[in-house]
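See structure below.
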2 protein chains.
Amino acid sequence: MTVGNEGGIRTRARVHSWQSIREHVLERIQSGEWAPGDLIPTEQELAQQMGCARATVNRALRELAGSGIVQRRRKVGTRVAATPMRRMTMRLPVIRDEIEAMQATYAYELTGCERRAPTARAAAALCKGMPEELMMIQSRHLADGQPHCCEAVWLHPELLELPECTHFRMEAPHDWLNRSRAVTQTRFAILTEGASGTCAVNLGVDDGTPLLTIERTSLVDGVAVSFARQFYPPGHRLVFDD
Amino acid sequence: MTVGNEGGIRTRARVHSWQSIREHVLERIQSGEWAPGDLIPTEQELAQQMGCARATVNRALRELAGSGIVQRRRKVGTRVAATPMRRMTMRLPVIRDEIEAMQATYAYELTGCERRAPTARAAAALCKGMPEELMMIQSRHLADGQPHCCEAVWLHPELLELPECTHFRMEAPHDWLNRSRAVTQTRFAILTEGASGTCAVNLGVDDGTPLLTIERTSLVDGVAVSFARQFYPPGHRLVFDD
DNA sequence: CAGTGGTCTAGACCACTCC
DNA sequence: GAGTGGTCTAGACCACTGG
């Protein structure tokens with residue numbers, strides 16, 4: 001596993017770069033010399049063996065821990081992870097960017113806006129001091145005129161200073177949210193669902209068509225202020241890479 | 001965005017911890033003082049302002065860059081990212097662990113094993129020196145006797161020393177692969193598909209039922225040696241968290 | 001060529017946790 | 001209490017890149 005490459009910089013590895021230490025350790029793990037569950041030498045020992053500073057070893061092992069290759073605990077040491085459960089990073093989809101990256105023309109359309117009682121899922125996501133009604137905004141995003149994604153966004157009216165519905169004819173809810181409040185945290189779930197009702201119509205697909213669904217909860221200072229469900233028609237792929 | 005929390009360690013923040021520097025910078029960004037696209041002060045300037053070492057500022061900014069909050073370039077400086085495109089980390093699903101985490105009993109079943117010409121997708125993933133036939137292994141994983149996931153794994157027969165089919169009655173392909181070769185890299189795609197054929201039967205669902213699909217390519221030393229497609233019935237959720 | 005981030009070092013102290 | 005990782009510092013040099 002090539003971890004990160006630190007922002008794409010690729011340079012001649014110095015003899016004692018933290019990358020070279022990381023590779024050294026990785027090779028010992030992959031060769032089986034250090035098996036899953038084993039403790040590997042301490043930072044101090046490794047630094048002596050490799051002839052570098054402990055801070056350099058620390059950096060290398062910290063990166064490996066970040067990738068889930070090893071687990072570290074004070075006083076105990078560094079252990080090769082039992083299951084090679086890797087962690088991968090994913091760029092969060094920003095719909096406009098997604099579409100423009102395909103060299104397509106982006107368009108946004110408001111398809112519904114009203115106050116209504118939340119669904120069970122929306123209520124579960126926006127649990128804090130739930131009022132009886134939330135603002136729900138339905139919209140779709142088009143690439144070169146073809147439906148690309150359809151979404152429903154629930155906004156918490158008491159935690160946000162909501163504009164009139166007409167505002168969302170021009171600006172997508174997430175753009176507005178990012179402008180107006182500093183979202184400090186986001187939660188995601190990916191699942192699949194059969195198309196139904198408004199969404200099927202807006203995407204131009206038959207009822208029951210499998211849709212890739214992304215549920216997204218935005219938090220400001222630890223409190224959930226919005227919950228969105230985004231639906232993508234078949235063919236859409238979320239790609240992860242090392 | 002709380003970034004990582006470095007392995008779950010939470011401790012009294014020292015006055016000049018890199019975490020506190022990170023929070024300081026984050027606040028300035030979230031308050032709008034440093035707007036998207038802006039250059040923020042250099043490491044040296046920040047170190048002086050905050051009264052800490054440059055290395056500490058470097059660590060804080062490196063973490064923010066890792067989360068996609070800022071972008072850094074030598075000679076240019078550190079810029080607040082134009083789009084708040086966050087990066088999130090995801091634990092890769094290891095099916096047995098997934099099931100055991102639910103307090104359910106894990107079971108594995110081989111449902112098919114043969115050599116055959118690859119599908120277009122398998123061929124695209126395993127592009128290197130593609131032979132005419134690949135080994136394809138179909139199986140399913142059960143939680144407390146209920147189908148949890150159904151998968152098809154394509155293995156490259158010339159890059160791997162494949163055992164007989166009977167071997168895969170006892171051991172799942174990925175377990176075997178992880179034991180026999182050091183997988184150095186993995187690629188993922190998440191999509192959705194309607195159930196069909198064998199898979200619908202093995203999962204006990206009707207044809208056309210939306211299935212969450214994970215495509216997974218395993219690489220050894222940069223060369224793809226296996227390609228897997230895993231199908232999950234409705235209700236399954238992949239969860240991401242900050 | 002000069003400015004900025006990227007990294008290494010050597011030493012120090014602290015925090016967590018097992019014994 | 002003692003061992004191990006987690007972090008900070010001050011200083012240094014290097015690598016990339018814009019002018």
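Everything numeric here is computed off the predicted structure, so don't read it as measured data. A, B, ... follow the sequence lines: proteins, then strands. Residue 1 opens every chain. Below, all heavy atoms of this structure are taken into account, side chains as well, without hydrogens, waters or symmetry copies.
- Within 6.0 Å of CD in E33(B) there are more than 12 heavy atoms belonging to other residues, nucleotides or ligands.
- In this structure, W18(B) places its CH2 atom 17 Å from C1' of dT9(D), rounding to the nearest Å.
- Side-chain N/O atoms of T56(A) include none lying less than 4.0 angstrom from OP1 or OP2 on dT7(C).
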Under 3.5 Å, N/O pairs linking protein and nucleotides 1-4 of chain C:
unit_1 : atom_1 : unit_2 : atom_2 : d
dG3(C) : N2     : K75(B) : N      : 3.4
dT4(C) : O2     : K75(B) : N      : 3.3

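- Considering I21(A), L46(A), T42(A) in turn, L46(A) is the only one that fulfils the side-chain contact (heavy atoms from CB on, under 4.5 Å) rule with L61(A).
- Across the protein-nucleic acid pair, R79(A) atom CZ and dG5(D) atom P stand 11 Å apart, rounded to whole Å.
- The NE2-P distance, from H16(B) to dC13(C), rounds to 17 Å in whole Å.
- Ranking dA12(C), dT9(C), dG6(C) by closeness to the R54(B) side chain, first place goes to dG6(C).
- Summarising the geometry, the separation between CZ on R22(B) and C1' on dT7(D) is reported as 14 Å, rounded to the nearest angstrom.
- The pair R22(B)-E63(B) fails the salt-bridge criterion, with no side-chain N (NZ, NE, NH1 or NH2) lying under 4.0 Å from an Asp/Glu carboxylate O.
- Listed pair N58(A) / dG6(D) meets the phosphate criterion, a side-chain N or O lying under 4.0 Å from OP1 or OP2.
- Taking atom CD of residue Q48(A) and atom C1' of nucleotide dG11(C), one finds them 15 Å apart after rounding to whole Å.
- Atoms CG (L39(A)) and C1' (dG5(D)) sit 13 Å apart, rounded to a whole Å.
- When atom types are taken as modelled, the side chain of D97(A) and the backbone of V94(A) share no donor-acceptor pair closer than 3.5 angstrom.
- Applying side-chain hydrogen bond (donor to acceptor under 3.5 Å, both in side chains) to Y106(A) and the options E100(A), H141(A), E98(A) leaves one that passes, H141(A).
- Note: CG (L61(A)) to C1' (dT4(D)) measures 12 Å, nearest angstrom.
- The distance from atom CZ of R62(A) to atom C1' of dT7(D) is 9 Å, rounded to the nearest whole Å.
- Ion pairing of E215(B) with R237(A) is present here, as a side-chain N (NZ or NE/NH1/NH2) and a carboxylate O approach within less than 4.0 Å.
- Put simply, the residue from R72(B), R73(B), Q71(B) that forms a side-chain hydrogen bond (donor to acceptor under 3.5 Å, both in side chains) with T78(B) is R72(B).
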